[in-house]
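Atom set for the values below is all heavy atoms of this structure, side chains included, hydrogens, waters and symmetry mates excluded.
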Amino acid sequence: MTGAVTPPAAGPGVPQPAPGPAVERFPAAVLRGGEPFAVLYGPGVDDVFVDGAHQVRTLEETLWRLLRAEGYERIVFSSLQDPVYFRDHGSRGLSRSAPAPRRAPGTMRHAQLKGPLGGMLVSGLGPRGATGEQREAPAGGAGGGGPAPSATGVSDPFGVMTLTAHLRGREHRTAVVFPYAEEVLRHHGAARQLAHAMADWAQQSDGRNLWVLVFRRPTLDAVARFVAEQGAFPLLETFVRQQSQTPGRPGTARIGYPQAAELERLIHATRLREGLRIGDWRELGPIVRAMAGQPCKTRTWRSRLARLTAADDPLDGDAVRGWIEGADTDPRTAWERLSVMPGLDAVKEHFRQLRAEVEATTALRAAGHATEAELPSLHLVFAGNPGTGKTTVARLVGEMYRDLGLLGRGHVVEARVRDLVAGYVGQTAGLTDETVDRALDGVLFIDEAYGLSDQLEGFGGESIRALLSRMENDRGRLAVVAAGYREKMEEFLDSDTGLRSRFPTVLDFTDYPPDTLLAILLGRLTRRGVGLSPDAEEQLARIVEGMHRTKDASFGNARDMRTLADGIYTRWAARVRGRVHEPVTPEDIPEAHRTHLAPPAPDPVALLAELDRYVGLGPVREHLTHLANRLRLRQAKGGGVFAAPHLLFTGPPGTGKTTVARLVGRMFRDLGLLRKGHVLEVTRAELVGVHIGETAPKVQKAVRDALDGVLFLDEAYSLARDTSYGGYGAEAIDTLTREMEHWRGRLVVIAAGYPREMAEFLDSNSGLKSRFTEPIPFPPYSTADLVEVLRRSAAAEGYALGAGVADRAALWLERKRAADPAGFGNARTVRGLLEDMEGRMAARFAVHGWPQVPGSGSAGPGPVVPLEFEPADVPDPAPGGTAPGGRGPGGPVTG
């Protein structure tokens, strides 16, 4: 249905501005920019428009009204079929000069303007335009009530002369419109004259008159490429290229898809004129929002509404879902949906404050005050981990901005880095502009925006610069929401000096606490119609608590809760099938999540069974027994686990510190204090850098690698001593202290070293003593313990100690300790002694013949009899006796 344009009656030659509101997506500012040309493009240029009077207009009608409202007195149209035509009698009337004397009737008033029929003036109803639509003149328009005549029969050269004469005229403000610019530029019969006219106009325009070109191209870059391909319009090509390189400059405008207000007018126009039924009026708002969020033209919606009307079907949520896959017709407003989202208190407060500020500014302006007050920036940064609601809130932002009058359409275009960055030089800015064009009058949501700054030296920097330009030039028509991890988004904002000023507001989306996560999990199961047994609910609470306690950068918050709920539902459905009245039970919980259920604390005897293989270690056994008993007590009274303590191992070398550290990870895992229990062994070299800025990241990486397990720092005192020589040990200790507190409950740090030096280590930082509350001494082995270590180590290698060997070895060890107390290696020295004894045995056999060991011959397997060491195999225990060799392959005890 095409309504007639109806300007007020006026005398010939005195056209008046057209009444009635314009269409939101048709930016009138492009007509007053002072440029020689106005270039219109975009998906909406071949659409129809519903104006404020609920009339459906073609592009030509809408453009005619806008030009009239901007004060253009004479509006001349030109197409390939009609080189000169008018849409109103007023413009036609102003195309004639005052009557000249002795002019023959029906001839041109300008003697110089002669067409193919000489000086004769051809009038009458013009033919159909390029789209096949009959052009109609406004009823009651200036110059008469009939249709405005076209210049049918006028040649292309004469048409160019006529248009040029109108543009150069100063007596009437004139606009020349090419509604089908591609056809004219490609096929014009006087292309050379037209190119000359455009070049001349580009250089001589004074900003009063205007040449309007409408291109059916989606982007300004596409327009520039098309003009360049013609090769005949260099100054027009330059104009468009400059506009494409500086988006937002006056002279170009993108006509996009209809906004919500226009679609609502279309619905009401169809309802009142054609009888469309509304199913549920409460759904109308969400329906309009869903329609406005789609890249569809008014023509498409008009056709769909017409089919509903013809079938006498109502417009309701079902109808819209049939048009739009996944359409959200939630009757609640965006504000209501945000208010019921879990957590996000700071985010909700920001939008409450924004709403109050906009309402106050609007009221002040309405009262004639604060005319220079500016509304706050629409651009936002959402910083947080995955699953914290960033994408969901971004989809609400457009609706909230539209409700506040800050954006016209409020749709959301979700983009990734690949939608902004091209793979070849010179293409990125155009790709970014195309994406921004799709988001105009709405929200551009860039998830993982730090991907742009990560490739700052490449095409990412080019995209950031193009984005900054559009954010400035399209203020009021564009809101950019950039999202990602907090630390990475800080890097993004620091990557260009213009980003922080464009993004003044950073909203933190903090991780959900366990109770909120549990509510999300149970809510999803409830919405799927599934009940839970008390046991299942209790176990899920413990699982969620464990997932939260052991979360890392990959934790998905609500996303992980949805995954868990869906996994439970799948297992439950496979178990019950048609018995849907049965609730979820613990057996429906996926196996992968049951690792978060802390096992019952083991009996200390069973827990410490592995330590029984080792000699000594009395303080260690006592400490671990104490931990196991505390945990059993808590479980007995229904309490939870406590954070695993950090440990300080003090003792000389070879007393089992490294061996026990490796065992502690598994023991703490069995106690339920650590989820993985792995052990990462590091030294000063792995923690301290050689340049400024290297040390803290190295410490943080080691901590991340050890999460849910043990970080074992041997000879930890070397960090404290490093501070005295201008090194970065102090920075390593400071960073480690902070990380120990931050990851409390997920990380156990075991620091080991000599007793006196470890005291220096604790004194080097005031926070260390409060972190290491569990010192465990590893005293030197007694001589009897050392002989027992020798006996067990020999047995592990298939040897036995013969008569007199133990006594001689004890004497040797005592003399060795007395000769060098500080250098005595305890179990390490025992290993060296065993290696020396094995060498002496081999030398003895080499002289006297190799023994035949039972069970090793060709007669088949039999019992293996260990070879016995003789007293002579032990080195001379006298001072200065042969020292044992280097370290061997290891034994049951390590230092």
Side-chain angles (χ1 to χ4, degrees), residues 2 36-48 58-64 67 74-88 91-92 95 113-117 121-137 147-167 174-202 210-218 222-237 239-240 255:
T2 302
F37 302 102
V39 174
L40 305 179
Y41 64 96
V45 295
D46 58 354
D47 200 4
V48 294
T58 63
L59 178 131
E60 288 188 22
E61 291 171 329
T62 303
L63 186 54
W64 179 88
L67 289 167
R74 177 170 53 193
I75 305 171
V76 187
F77 291 84
S78 177
S79 71
L80 201 62
Q81 293 179 322
D82 300 329
V84 179
Y85 67 94
F86 309 95
R87 294 203 65 89
D88 65 287
S91 295
R92 175 178 178 272
S95 296
L113 299 181
K114 294 184 178 181
L117 301 181
L121 179 65
V122 180
S123 64
L125 181 64
R128 295 182 182 272
T131 62
E133 295 181 89
Q134 181 71 45
R135 296 192 179 93
E136 298 178 0
S150 70
T152 303
V154 173
S155 66
D156 286 343
F158 183 77
V160 173
M161 292 173 56
T162 303
L163 299 177
T164 303
H166 288 336
L167 285 171
T174 299
V176 169
V177 181
F178 280 12
Y180 305 95
E182 287 104 321
E183 294 182 6
V184 173
L185 297 185
R186 182 184 285 135
H187 301 297
H188 201 277
R192 181 176 300 177
Q193 293 94 322
L194 180 61
H196 177 76
M198 286 187 171
D200 185 61
W201 178 244
L210 183 66
W211 202 328
V212 182
L213 299 100
V214 182
F215 290 88
R216 279 149 181 80
R217 302 279 160 165
V223 174
R225 288 194 297 270
F226 170 81
V227 176
E229 289 168 0
Q230 307 316 305
F233 306 95
L235 286 187
L236 176 62
E237 176 186 342
F239 172 80
V240 177
I255 311 301

Beyond-backbone contact of L59 with D46, side-chain heavy atoms, under 4.5 angstrom: no
Parallel, tilted or perpendicular: rings of F77 and Y85 (30°, 60°): parallel
Pair Q81, Y180: side-chain N/O donor-acceptor within cut-off below 3.5 Å: no
Heavy-atom closest pair, residues F37 and M198: CZ-O, 3.6 Å
Which atom of A181 lies closest to which atom of L213, heavy atoms considered: CB-CB, 4.0 Å
Test: E229 and R186 ion pair at under 4.0 Å: no
CG-NE2 distance between L235 and H196, expressed to the nearest 0.5 angstrom: 10.5 Å
Min side-chain heavy-atom separation L236-L185 under 4.5 Å: yes
D156 versus H188, closest heavy-atom pair with distance: CB-CE1, 3.4 Å
Side chain proximity check, F239 to V39, heavy atoms < 4.5 angstrom: yes
Exam field: side chain W201 to backbone P36, donor-acceptor pair closer than 3.5 Å: yes
Check: V76 and L163 side chains under 4.5 Å, non-hydrogen atoms: yes
Pairwise distance CH2(W64) to CZ(R87) - rounded to 0.5 angstrom: 9.0 Å
Nearest heavy atoms of L80 and E183, plus distance in Å: CD1-O, 3.8 Å
Pairwise side-chain contact, L67 with V177, heavy-atom cut-off 4.5 Å (strictly under): yes
Expected output: side-chain E182 to main-chain R216 donor-acceptor under 3.5 Å: yes
F86 and S95, any side-chain heavy atoms less than 4.5 Å apart: yes
Note, F178 side chain near L194 side chain (heavy atom, < 4.5 Å): yes
Pairwise side-chain contact, V176 with L210, heavy-atom cut-off 4.5 Å (strictly under): no
Minimum-distance pair of heavy atoms, taken over all atoms of A191 and F233: O-CE2, 4.1 Å
Nearest-0.5 Å distance that lies between atom CZ in R225 and atom CD in E237: 12.5 Å
Test item: S91 side-chain N/O and R74 main-chain N/O as donor-acceptor pair under 3.5 Å: no
Mutual orientation of the aromatic rings belonging to F215 and F226 [parallel < 30°, tilted 30-60°, perpendicular > 60°]: perpendicular
Shortest non-hydrogen separation from L167 to T174 and the atoms involved: CD2-O, 4.4 Å
